[in-house]
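Single-structure report; data block below.
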Amino acid sequence: MNHKDNILLLKSKGYSYSQIVKELGCSLGTVAYHCGKGQKQKSQNRKTNQLEYEVRNSRNCSRFFCGDKRRKYKAPKLTPYCITMKEADKIARMRLKNFSTNKEGIMKALTNIKKVKQKYNISEANHTFTCAYTGDTLDWKDPSGFQWDHIMPRCKGGEDTLENLQIISTNANQAKGSMTHDEFIKLCKKVTEKYA
């Protein structure tokens, strides 16, 4: 008997959602998904109604905001240099919107994409910039190669401001995790000293 069948069996016996959660050790969302009216259809509609650039961006955004490993949906990988500057700007706008939206879904007024592009000197003629940590050349038209990072993480009091925003390589951002800039640099120094 799988998880879904166990949930439905307990529901048919009159258990409440919270009792099912206690009994099976699953999340409340899982119980609601299987028991709630139309929950499955709502979830499927959300996936099919996503705009293309949101799908492209969702992989990086999900890592940036929640790091939830339980997500089953995976966005297709982007191939390098596959998009135009206009499409890259759309993805960047979505990233900026997500950068300034907290876990409760409240979006703070941040800045517009023009100011982010000014900070990194990005234009149609010059769409490359450098990762602050690795020194790698990143390309605005290749969003799969970089992620947006809070210099001071939110969990440590960092704000959603342009000053607290940096765009770094995907590998660097995943390695940095929830460390502050100074903590990450200190860790990198320890690693290089050990293996120098």
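This structure is a prediction, so every number in the text was calculated from the model and none was measured.
In terms of heavy atoms, Ile7 sits closest to Cys26 at CD1-SG, 4.2 Å. Nearest heavy atom pair, residue Asn121 against residue Asn126, reads O-ND2, 3.3 Å. Taking each heavy atom of Lys176 and His150 in turn, the nearest pair found is NZ-O, 2.9 Å. Of all heavy-atom pairs spanning Thr84 and Lys141, the tightest one is C-CE, 4.3 Å. Nearest heavy atom pair, residue Ile151 against residue Glu163, reads CD1-O, 3.4 Å.
Using a distance-only test at 3.5 Å, with no hydrogens or angles considered, no donor-acceptor pair links the side chain of Lys115 to the main chain of Leu162. Asp149 places no side-chain N or O within 3.5 Å of a backbone atom of Asn173 that could act as its donor or acceptor partner.
The SG atom of Cys35 sits 10.5 Å away from atom NZ of Lys4, with the distance rounded to the nearest 0.5 Å. With rounding to the nearest 0.5 angstrom, the CG atom of Leu10 is 11.0 Å from the CG atom of Asp5. Note that the OG1 atom of Thr170 and the CG atom of Asp142 stand 8.5 Å from one another [nearest 0.5 Å]. Taking OG from Ser16 and NZ from Lys11, the interatomic distance works out to 7.5 Å, rounded to the nearest 0.5 Å. The OG1 atom of Thr192 sits 9.5 Å away from atom CG of Leu187, with the distance rounded to the nearest 0.5 Å. Between Asp182 atom CG and Met152 atom CE the span is 7.5 Å, to the nearest 0.5 Å.
Linking Ile, Leu, Val, Met, Phe, Trp and Tyr residues whenever their side-chain heavy atoms come within less than 4.5 Å places Leu24 and Val31 in a single cluster. Tracing side-chain contacts under 4.5 Å through hydrophobic residues (I, L, V, M, F, W, Y), one reaches Leu138 starting from Ile122; they form part of the same cluster. Val21 and Tyr15 fall within a single hydrophobic cluster, where Ile, Leu, Val, Met, Phe, Trp and Tyr side chains are chained together by heavy-atom contacts under 4.5 Å. Under the 4.5 Å side-chain contact rule for hydrophobic residues, Trp148 and Met85 share a cluster. Linking ILVMFWY side-chain heavy atoms closer than 4.5 Å, directly or via other members, places Ile20 and Leu8 in two distinct hydrophobic clusters.
Residues Trp140 and Asp89 form a side-chain contact, since some pair of their non-hydrogen atoms from C-beta on lies under 4.5 Å apart. At least one side-chain heavy atom of Thr180 sits under 4.5 Å from a side-chain heavy atom of Pro153.
Taking a cutoff of 4.0 Å between a charged side-chain nitrogen and a carboxylate oxygen, Glu183 and Lys156 qualify as a salt bridge. Ion pairing of Glu124 with Lys86 is absent here, as no side-chain N (NZ or NE/NH1/NH2) approaches a carboxylate O to less than 4.0 Å.
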Legend entry - Pair Gln147-Gln174, side chain to side chain contact (heavy atoms under 4.5 Å, CB included): steps then yes or no: CA-CA 9 Å; Gln147 294 179 347; Gln174 290 174 356; 3.8 Å; yes
Inset, instruction - Step by step, work out the ring pair (Phe, Tyr, Trp, His ring centres under 6.0 Å) result for Tyr133 and His181. - result: CA-CA 10 Å; Tyr133 292 119; His181 172 78; 5.4 Å; yes
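Atom NZ of Lys22 has 12 or fewer heavy atoms from other residues, nucleotides or ligands within 6.0 Å.
Every residue meeting the ring-ring contact (aromatic ring centres under 6.0 Å, His included) condition with Phe129, not counting sequence neighbours, appears here in chain and number order: Tyr120, Phe146.
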